[in-house]
A.B. asks: 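Handing you a structure now.
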Amino acid sequence: MNIVIAIGLIITFVTGVPVLMQILKNHPRGLIILFFAEMWERFSYYGMRGILIFFLTQHFLFDDAMAGSTYGSYTSLVYLLPLLGGIMADRFIGTRKAVAFGALLLVAGHAMMAFEGRPATETLAYAGQTYEIAAEGRGAAREVGIVIDGQKYAFGPAEGGGLAIEGLPQGSVVPSTIPANAYKIETTRDMAGVNVFYLAVSLIIMGVGFLKPNISTIVGQLYPQGDPRRDSGFTLYYYGINLGAFWAAVLCGYLGQTVGWWAGFGLAGVGMAVGWIVFVLGKPLLQGKGEPPNPQALKTPMLGPINREWGIYLLSILGVGVVWFMVQRNALVGTVLAAATLASLAFILYVIIKVCQTRAQRERMMLAVVLIFGSVVFFTLFEQAGTSLNLFADRNVDLSLTPTAFQLFGVTVGTPAQLAAAGITPSGFWIDATVTAAQTQSFNAGFILIFAPIFAALWAFLGKRGLDPNPTLKFGLGLIQVGLGFMVVVWGAGMANSAFQMPIVLLGLLYMLHTTGELFLSPVGLSEITKLSMPSVVSFMMAVWFLASSIAQFVGGWIAGLAGTETVGGQVLDPGLALRTSLDIFEKLGWGGIAIGVAFIVVSFFIKGWSNGANNAGDHPGPALTDRGQEDQNVAQPLNP
């Protein structure tokens with residue numbers, strides 16, 4: 001058994017049982033349905049995300065900058081499209097139908113991801129001749145060499161730049177050192193496979209757009225406004241998100257890098273199908289929440305036999321083609337993202353000035369905007385996990401959990417190489433200590449599983465005693481922690497070995513600090529948006545919360561390109577340069593996060609009253625009190641300042 005799987009089973013059992021007991025004993029029954037539906041949706045998303053950057057750099061042979069921008073375009077649109085999904089749910093189909101439709105699109109997209117197409121190939125052009133660059137395997141098992149006269153030769157960086165080819169015989173047609181400006185790497189790709197990939201991710205983008213903002217909104221609708229269980233409920237819900245993310249990284253990451261890309265992506269699709277089934281069968285437990293604001297209007301004929309509801313579905317499917325066009329054009333995504341940001345801010349300003357009827361309502365909306373800005377900064381740093389940190393783990397981290405093979409309680413533990421070196425031939429059950437780079441994505445989610453119940457109990461404990469820190473202060477503390485996470489590997493640079501690899505424990509500490517920072521910010525932010533927003537725009541504001549993540553993903557993809565280095569055949573050419581480049585970027589990110597976190601803490605003392613009792617029971621009706629059919633009535637009621 002793989003060691004990460006073994007540890008994961010222990011963590012899941014130890015932490016999952018208390019979480020399940022809390023949900024069943026203290027929370028609405030509908031939370032368990034939303035918990036498992038979102039768990040499987042995140043399993044599919046993070047299963048794909050965990051191996052996507054490796055698929056782009058090792059299967060399609062994109063360079064780091066192109067892979068980072070492609071990843072950034074995809075993840076930006078994943079978090080931008082909830083603007084559309086939120087509006088469609090608010091105005092027309094309701095959150096429940098939006099979630100179900102989005103889940104079906106996700107199933108289709110993940111199923112298509114299982115089609116790999118032919119791997120890209122590269123050739124070395126030198127002195128009018130071309131030489132094949134042979135690449136085999138994935139992850140740590142990948143072997144790359146240049147084929148000259150029928151023999152494959154290893155290569156590396158030449159001193160002063162260029163390419164150094166190892167072991168060439170005397171009189172070879174190619175010199176052992178080729179200057180940097182004397183050769184060219186040419187890439188050939190299977191464009192059918194590339195286009196299927198873009199179509200698959202376009203379906204996933206549209207599916208997440210309908211599902212993501214609306215399932216979180218239903219969670220908020222399950223609790224009366226001011227219910228002290230709400231923050232705890234969102235944190236437990238967040239546990240479900242990370243349970244899916246954890247096992248996605250463990251299983252999809254393992255299969256993708258050891259069996260094949262198709263296996264990792266295919267398993268992610270199976271997870272999404274299970275999530276859709278759970279959500280559909282669990283409808284009765286949602287207590288009628290999330291239904292359309294005007295069910296009769298959905299039956300209005302739109303074009304022949306097509307009514308308004310089916311028209312929305314069909315137009316959304318046609319919109320997948322627009323997304324397919326955009327996801328291939330990073331600059332266009334940036335332009336659309338900027339336009340969406342400006343339009344959203346203008347609409348929020350309109351709501352604050354024209355719709356809000358009291359100072360309390362205006363201040364709550366302004367506080368929501370402050371928190372959304374904090375989330376942009378946090379997730380720009382945090383979401384380096386899928387790009388620069390993933391590549392850093394693959395290239396510059398020693399992924400060995402055990403220094404040598406050993407036996408514990410009669411069970412053999414070690415990697416196959418360590419077992420061979422120790423002369424051990426395991427029989428029966430043994431634990432394979434191999435960790436793939438993609439599996440390091442499970443660290444963050446694994447820490448969430450450990451800490452989420454503790455934080456849920458902590459916020460509830462502090463809330464009952466009136467000691468709960470205000471949300472802006474929590475955000476500042478979260479930003480400081482994500483910055484410190486990067487500084488851990490920067491300060492530990494001297495621990496790198498002769499292969500320019502750092503101990504895996506430093507990467508683990510980085511993810512632990514990112515995780516504790518996330519628990520200060522993300523579930524709290526989700527809860528605060530549902531409490532601070534005007535009832536008539538709650539799904540829109542939830543979508544704007546995810547728009548903040550979209551901005552972060554786009555900027556993060558650009559930053560990941562800056563942290564990249566030259567690759568040949570999907571293998572980094574100079575590991576030492578890769579380490580120095582990564583650490584330089586990480587240091588800038590670290591100090592930036594700490595500085596902005598300190599600024600948030602200072603500001604928190606001046607705006608802590610802007611919530612105007614939003615976290616207190618019975619103060620105001622708020623966005624999550626009633627069904628959508630009653631929201632107009634809620635808007636008309638003044639809120640206590």
A.B. asks: Determine whether the aromatic ring centres of Phe43 and Phe246 lie less than 6.0 Å apart.
C.D. replies: no

A.B. asks: Does NZ or CZ of Arg42 come closer than 6.0 Å to the centre of the six-membered ring of Tyr45, within 45° of the ring's axis?
C.D. replies: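 Judged by the rule, Arg42 and Tyr45 form a cation-pi pair.
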
A.B. asks: Is the ring pair Tyr74/Tyr71 parallel, tilted or perpendicular, if the boundaries are 30 and 60 degrees?
C.D. replies: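 Perpendicular: the ring planes of Tyr74 and Tyr71 meet at over 60°.
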
A.B. asks: For Phe115, does the CZ atom have more than 12 heavy-atom neighbours from other residues, nucleotides or ligands under 6.0 Å away?
C.D. replies: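 Yes, the 6.0 Å shell around CZ holds more than 12 heavy atoms from other groups.
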
A.B. asks: Restricting to non-hydrogen atoms, name the atom on Val327 and the atom on Ile205 that form the minimum distance, rounded to 0.1 Å.
C.D. replies: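 Nearest heavy atoms, Val327 then Ile205: CG2-CD1, 4.1 Å.
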
A.B. asks: Do Gln553 and Val78 have side chains that get closer than 4.5 Å, going by heavy atoms?
C.D. replies: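 Of all side-chain heavy-atom pairs linking Val78 with Gln553, none is under 4.5 Å.
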
A.B. asks: Could you tell me if the side chain of Trp276 sits less than 4.5 Å from the side chain of Leu211, heavy atoms only?
C.D. replies: no

A.B. asks: What is the minimum heavy-atom distance between Phe392 and Met502, and which atoms define it?
C.D. replies: CZ-SD, 3.7 Å

A.B. asks: Between atom CG of Asn396 and atom CG of Leu507, what is the distance when rounded to the nearest 0.5 Å?
C.D. replies: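 Rounded to the nearest 0.5 Å, the CG-CG separation comes to 11.0 Å.
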
A.B. asks: Report the distance from atom OH of Tyr46 to atom CD1 of Ile51, rounding to the nearest 0.5 Å.
C.D. replies: 15.0 Å

A.B. asks: Could you report the tightest heavy-atom contact between Ala563 and Ser388, atom names first, then the distance?
C.D. replies: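 Smallest heavy-atom distance, with atoms named: CB-CB, 4.1 Å.
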
A.B. asks: Answer yes or no: are there more than 12 heavy-atom neighbours, outside Trp491 itself, under 6.0 Å from its atom CH2?
C.D. replies: yes

A.B. asks: What I'd like to find out is whether the side chain of Val489 reaches to under 4.5 Å of the side chain of Val397, using heavy atoms alone.
C.D. replies: no

A.B. asks: Under 30°, 30 to 60°, or over 60°: which ring-plane class applies to Phe55 and Trp261, parallel, tilted or perpendicular?
C.D. replies: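 If you compare the ring of Phe55 with that of Trp261, the planes turn out perpendicular.
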
A.B. asks: If only atom types and distance count, is the side chain of Arg189 paired as donor or acceptor with the main-chain N or O of Leu61 below 3.5 Å?
C.D. replies: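 The answer is yes, because a donor-acceptor pair under 3.5 Å joins these two groups.
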
A.B. asks: Kindly give the heavy-atom pair with the smallest separation between Pro471 and Leu367, and that separation in Å.
C.D. replies: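 Shortest heavy-atom separation between Pro471 and Leu367 comes out as CG-CD2, 4.3 Å.
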
A.B. asks: CD of Gln384 to CZ of Phe379: how many Å apart, nearest 0.5 Å?
C.D. replies: 13.5 Å

A.B. asks: Under 3.5 Å, side chain of Gln328 to main-chain N/O of Tyr198, donor-acceptor pair present?
C.D. replies: no

A.B. asks: Please report the interatomic distance CD(Gln441) to OG1(Thr436), rounded to the nearest 0.5 Å.
C.D. replies: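 Answer rounded to 0.5 Å: 10.0 Å.
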
A.B. asks: Testing the basics here: between Asn214 and Ala89, what is the closest heavy-atom pair and its distance to 0.1 Å?
C.D. replies: OD1-CB, 3.0 Å

A.B. asks: Is any side-chain heavy atom of Ile607 less than 4.5 Å from a side-chain heavy atom of Asn470?
C.D. replies: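 Ile607 does not reach Asn470 side chain to side chain.
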
A.B. asks: Between the side chain of Gln439 and the main-chain N/O of Val250, is any donor-acceptor distance below 3.5 Å?
C.D. replies: yes

A.B. asks: Compare all side-chain heavy atoms of Ile11 with those of Ile450 and state whether any distance is below 4.5 angstrom.
C.D. replies: yes

A.B. asks: Apply side chain to side chain contact (heavy atoms under 4.5 Å, CB included) to residues Val377 and Phe382 and explain how you reach the verdict.
C.D. replies: CA-CA 9 Å; Val377 178; Phe382 181 84; over 6 Å; no

A.B. asks: Check step by step if side chain to side chain contact (heavy atoms under 4.5 Å, CB included) holds for Leu389 and Leu510.
C.D. replies: CA-CA 10 Å; Leu389 283 173; Leu510 178 149; 3.8 Å; yes

A.B. asks: Between atom OG of Ser550 and atom OH of Tyr79, what is the distance when rounded to the nearest 0.5 Å?
C.D. replies: 9.5 Å

A.B. asks: Any side-chain heavy atom of Phe197 sitting closer than 4.5 Å to one from Glu116?
C.D. replies: no

A.B. asks: Side chains of Arg142 and Gln571 only: does a donor on one sit below 3.5 Å from an acceptor on the other?
C.D. replies: no

A.B. asks: In Å, rounded to the nearest 0.5 Å, how long is the span from CG of Asn242 to CE of Met39?
C.D. replies: 12.0 Å

A.B. asks: Just to verify, which of Ser69, Ser73, Ser76 counts as forming a side-chain hydrogen bond (donor to acceptor under 3.5 Å, both in side chains) with Asn330?
C.D. replies: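 Among Ser69, Ser73, Ser76, the one that satisfies the side-chain hydrogen bond (donor to acceptor under 3.5 Å, both in side chains) with Asn330 is Ser73.
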
A.B. asks: So among Asp63, Thr567, Asp64, Asp394, which one has a side chain to side chain contact (heavy atoms under 4.5 Å, CB included) with Thr57?
C.D. replies: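 One option only clears the test, and that one is Asp64.
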
A.B. asks: Does the side chain of Thr515 reach to within under 4.5 Å of the side chain of Met512, using non-hydrogen atoms?
C.D. replies: no

A.B. asks: Look at the rings of Phe447 and Phe451 and say which category their plane angle falls in: under 30° parallel, 30 to 60° tilted, over 60° perpendicular.
C.D. replies: parallel

A.B. asks: Test side chain to side chain contact (heavy atoms under 4.5 Å, CB included) on Leu573 and Thr565 and set out the steps.
C.D. replies: CA-CA 8 Å; Leu573 182 61; Thr565 189; over 6 Å; no

A.B. asks: Centres of the His514 and Phe443 rings: under 6.0 Å?
C.D. replies: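 So the answer is no for these two rings.
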
A.B. asks: Just by distance, do the side chain of Thr581 and the backbone of Ala578 share a donor-acceptor pair under 3.5 Å?
C.D. replies: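 No.
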
A.B. asks: Which heavy atom in Met366 sits nearest to a heavy atom in Trp610, and how many Å separate them?
C.D. replies: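 In terms of heavy atoms, the two residues are closest at CB-CZ3, 3.9 Å.
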
A.B. asks: Using distance alone, with no hydrogens and no angle criterion, decide if Trp247 and Ser442 have a side-chain donor and acceptor under 3.5 Å apart.
C.D. replies: no

A.B. asks: Taking the ring centre of each residue, are Tyr237 and Phe35 less than 6.0 Å apart?
C.D. replies: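 That pair fails the under 6.0 Å test.
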
A.B. asks: Is the shortest side-chain heavy-atom distance between Met66 and Leu56 below 4.5 Å?
C.D. replies: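 Side-chain contact under 4.5 Å: no.
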
A.B. asks: Looking at Phe455, Phe378, Phe600, which hits ring-ring contact (aromatic ring centres under 6.0 Å, His included) with Phe520?
C.D. replies: Phe455

A.B. asks: I would like to know whether Arg364 and Glu528 meet salt bridge (charged side-chain N to carboxylate O under 4.0 Å, His left out); could you show each step before the answer?
C.D. replies: CA-CA 10 Å; Arg364 288 185 184 118; Glu528 289 296 325; over 6 Å; no

A.B. asks: Determine whether Asp584 and Lys588 satisfy the following criterion, salt bridge (charged side-chain N to carboxylate O under 4.0 Å, His left out), listing intermediate values before the conclusion.
C.D. replies: CA-CA 7 Å; Asp584 179 61; Lys588 291 180 172 65; 3.0 Å; yes

A.B. asks: Apply the test side chain to side chain contact (heavy atoms under 4.5 Å, CB included) to residues Glu41 and Val99: give CA-CA distance (whole Å), side-chain angles for both, the deciding distance (0.1 Å), then the verdict.
C.D. replies: CA-CA 10 Å; Glu41 187 273 330; Val99 169; over 6 Å; no

A.B. asks: Side chains of Ser522 and Glu518: do they bring a donor and an acceptor to under 3.5 Å?
C.D. replies: no

